Amino acid sequence: MVSLASDPSLRDPAWTRRVAWVSLALVLLIPALIATEFKPWIFFNADNLKVTSRFIGDFFPPEIGAEFLRMVMVEAWRTIAIASAGMALALVVAIPMTLAATSVLSVSSLSGRMHALPFGIRQALRWILILLRSIPELVWALVFVRVVGLGPAAGVLAIGLTYAGMLGKVYSEILESGDTHATTTLLRNGGGRLQAFFFGLLPQNATELTSYTVYRWECAIRSSAVLGFVGAGGLGQQMDASMKMFNGGEVATILLVFMALVGLADLLSAWLRRVIQ
Amino acid sequence: MRPDARPNPWLRWDCSVCWVTVGLAVLVVASFWSLDLQLGRLFSMDSAKRMGRFFGELLSPNIDPKFLTKLAVASVETLAMSALGTLLAAVFGLMLAVPASKSHRDDPARWRWITRLVLNALRSIPELVWAALILISAGLGPFAGTLALALHTTGVLGRLFSESIENAPQGAAYALRIQGIAEGRIFLFATLPTVLPQLLSYTLYRWENNIRAAAVLGVVGGGGLGQMLAFHMGLFQMQETSSILIAMIILVVLVDSLSYLSRRLMSR
């Protein structure tokens, strides 16, 4: 051992760095473990073990009664419907806001700087989009369940608002990141803003915009399934009910249907994006 | 026939874009029709009044120092949940990514399909559903939330990690393999150092996502800001609800702008 430490060619050159990183990690990790009440041993507490094993034992076999399956299918469709209706609402909100917020369609910025008023309006719209986006859809859903009552309307509104923020922000980024030469030429030669959009900006970015929208639709299906947990309808609500009754068989069926739904949306969206290219 | 007299591309039967558009339109109409949203009631004076009152109540947040301390503790709890969940996920994701990847041409990769199946299953169940499932055995609190984040993120990171291991440049690993060095050492000394920067950036990106997810996980009982939100909203304590919502927005905007700034600094 002594010879190993004294021989410089055998010493680990990164030794001090390694020690420093490990001790820093420990210093950060320990408070995190305390803050999250990280106690894995509670899983092996006798009472917990009994409850858990009974619940998981109930998973097999999954509940496949005709009545229950029919209900799960209806809820699965409602999940898709909430996502699609929410996306439609999001598009209705996002498209006009994108048109108003993109700086590419600014006439005053063609000659020098953008004027103060349009600049202010664009910045304000951008902040609204950021605000819409930064409140998670689950929180919107909680709020809307309070205001419009339990049911799919809350889910549609929640998805609509959050996704309007996301779509609006990404749409304007896509429109501004591409080549804007054709659009500015149209504007310079006296074309209206909408004309410049439809004949310059849109054809150039149509595939990217569509494929992002399809991808977001897929995400919307995933989140609409989750929104049910706060009472916004769909598969989540059903799963919440079954879980509260500790009915493992029903939970297993719903989980399987849910995974199939997500997988299907995944495949469909990948296929659609390929078709559009 | 004049050269510009081609048939209108929008009217051809194999116009894929048109079919997709029609399909989506049908889907949207069917959705609105089957959901029975009672839009009339939604946009009535009554619900507008209720919405106005609700948002009016949100305008006066609770700024009692005692409550703000509680809020800060919950925010730290949310951050700790996301950090620990991501860390666990990175460790387990890497452990699963190795058997899930075919690292070179002659790699038999016997466990590839089964580990991929596990990763897909972990990934396709959202954090919130995991949290609701784990609650049954771990009880309410941040521990359940942390584990839920870790499980879902393990699926996501494991898949991303295995893809970057498979796409890594083979030079260094090949050089070691030809010397007859064991696979484990090849991974540690050739493949892992090559892909490590990419793995780190994936992990950081997921951490950013997980902070947002951790803020809402509590709504089903997984600790942090979400649990406070569900609690105070359930009791109709609108001042507290308002403060919690503001804290959530600040947290999310902070994380977003930090990640934006760091991306800009790194790409410069």
Side-chain angles (χ1 to χ4, degrees), chain A residues 28-29 31-40 42-43 48-49 51-52 55 77-78 80-85 87-88 130-131 134-136 138-139 142-143 146-148 151-153 156-157 210 217 222-223 225-226 229-230 233 236 239-240 243 246 251 255 258-259 262-263 266 272 275-276, chain B residues 16-17 19-20 24 27-28 30-32 34-39 41-42 47 50-51 54 73 76-77 79-81 83-85 87 120-121 124-129 132-133 135-139 141-143 145-147 212-213 215-216 219-220 223 226 229-230 233 245 248-249 252-253 256:
Chain A
L28 287 176
L29 197 59
L33 287 176
I34 294 170
T36 54
E37 300 167 20
F38 198 80
K39 297 176 195 132
I42 60 167
F43 282 126
N48 271 340
L49 217 54
V51 173
T52 313
F55 182 63
W77 162 250
R78 293 231 292 187
I80 298 174
I82 290 172
S84 309
M87 275 302 280
I130 289 179
L131 186 72
S134 56
I135 300 180
L138 202 78
V139 174
L142 269 177
V143 169
R146 260 307 117 63
V147 178
V148 299
V156 170
L157 287 175
T210 326
W217 172 73
R222 232 170 297 179
S223 60
V226 165
F229 274 87
V230 297
M239 197 188 294
D240 196 34
M243 241 177 238
F246 285 90
V251 172
L255 273 180
F258 177 72
M259 281 156 83
V262 170
D266 207 351
L272 279 181
V275 164
I276 289 162
Chain B
S16 51
V17 175
W19 287 114
V20 169
L24 287 181
L27 181 66
V28 168
S31 302
F32 275 106
S34 71
L35 278 180
D36 181 29
L37 292 175
Q38 299 174 313
L39 289 172
R41 211 188 63 189
L42 205 61
S47 88
R50 251 189 302 171
M51 211 172 285
F54 184 87
V73 170
V76 170
E77 199 175 277
L79 278 177
M81 278 163 64
L84 200 60
L87 183 71
N120 277 337
S124 68
I125 298 177
E127 301 93 337
L128 207 88
V129 178
L133 284 171
L135 280 182
I136 289 169
S137 40
F143 180 49
T146 311
L147 283 187
R212 240 167 293 169
V216 294
V219 171
V220 295
L229 180 75
M233 214 180 217
L245 284 179
M248 264 184 188
I249 295 173
V252 171
V253 170
D256 271 2

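Chain identifiers are assigned alphabetically (A, B, ...) following the order of the sequence lines, protein sequences preceding nucleic acid strands; residue numbering begins at 1 within each chain. In this text the structure is predicted, and so the values were computed from the model without any measurement.
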Which portion of Leu135(B) sits near chain A, non-hydrogen atoms under 4.5 angstrom: neither
Closest-packed option against chain B by number of heavy-atom pairs under 4.5 Å, given Met259(A), Arg222(A), Arg78(A): Met259(A)
Chain A interface, residue from Leu87(B), Val73(B), Val216(B) that has the most non-hydrogen pairs under 4.5 Å: Val216(B)
Heavy-atom proximity to chain B below 4.5 Å, by part of Val230(A): side chain
Largest heavy-atom contact set with chain B, pairs under 4.5 Å, which of Ile135(A), Val139(A), Val262(A), Leu142(A): Leu142(A)
Residue list, side chain to side chain donor-acceptor pair (under 3.5 Å) with Arg212(B), at least two apart or on another chain: Glu208(B), Asp256(B)
Options Val252(B), Thr146(B), Leu35(B), ranked by heavy-atom pairs under 4.5 Å with chain A, top entry: Leu35(B)
Chain B contact via Leu28(A) - side chain, backbone, both or neither, heavy atoms under 4.5 Å: neither
Arg146(A) side-chain N/O to Met233(B) backbone N/O, donor-acceptor pair under 3.5 Å: yes
Minimum heavy-atom distance between Ala132(B) and Phe229(A), given as atom pair plus value: CB-CE2, 3.6 Å
Pick from Gly226(B), Pro126(B), Gly141(B), Gly145(B) with the largest number of heavy-atom pairs that fall under 4.5 Å of chain A: Pro126(B)
Structural part of Val143(A) lying under 4.5 Å from a heavy atom of chain B: both
Segment of Ile136(B) engaging chain A (4.5 angstrom heavy-atom cut-off): both
Residue part contacting chain A, namely of Ala121(B), when any heavy atom lies under 4.5 Å: both
Region of Ala215(B) in contact with chain A, defined by heavy-atom distances below 4.5 Å: neither
Choice from Val129(B), Leu79(B), Leu245(B) maximising heavy atom contacts with chain A below 4.5 Å: Val129(B)
Engaged part of Ala83(B) at the chain A interface, taking heavy atoms whose separation is under 4.5 Å: neither
Options Val219(B), Leu147(B), Val220(B), ranked by heavy-atom pairs under 4.5 Å with chain A, top entry: Val219(B)
Region of Leu33(A) that comes under 4.5 Å of a non-hydrogen atom in chain B: both
Interatomic distance, Leu128(B) atom CG to Met239(A) atom CE [nearest 0.5 angstrom]: 10.0 Å
Engaged part of Val226(A) at the chain B interface, taking heavy atoms whose separation is under 4.5 Å: both
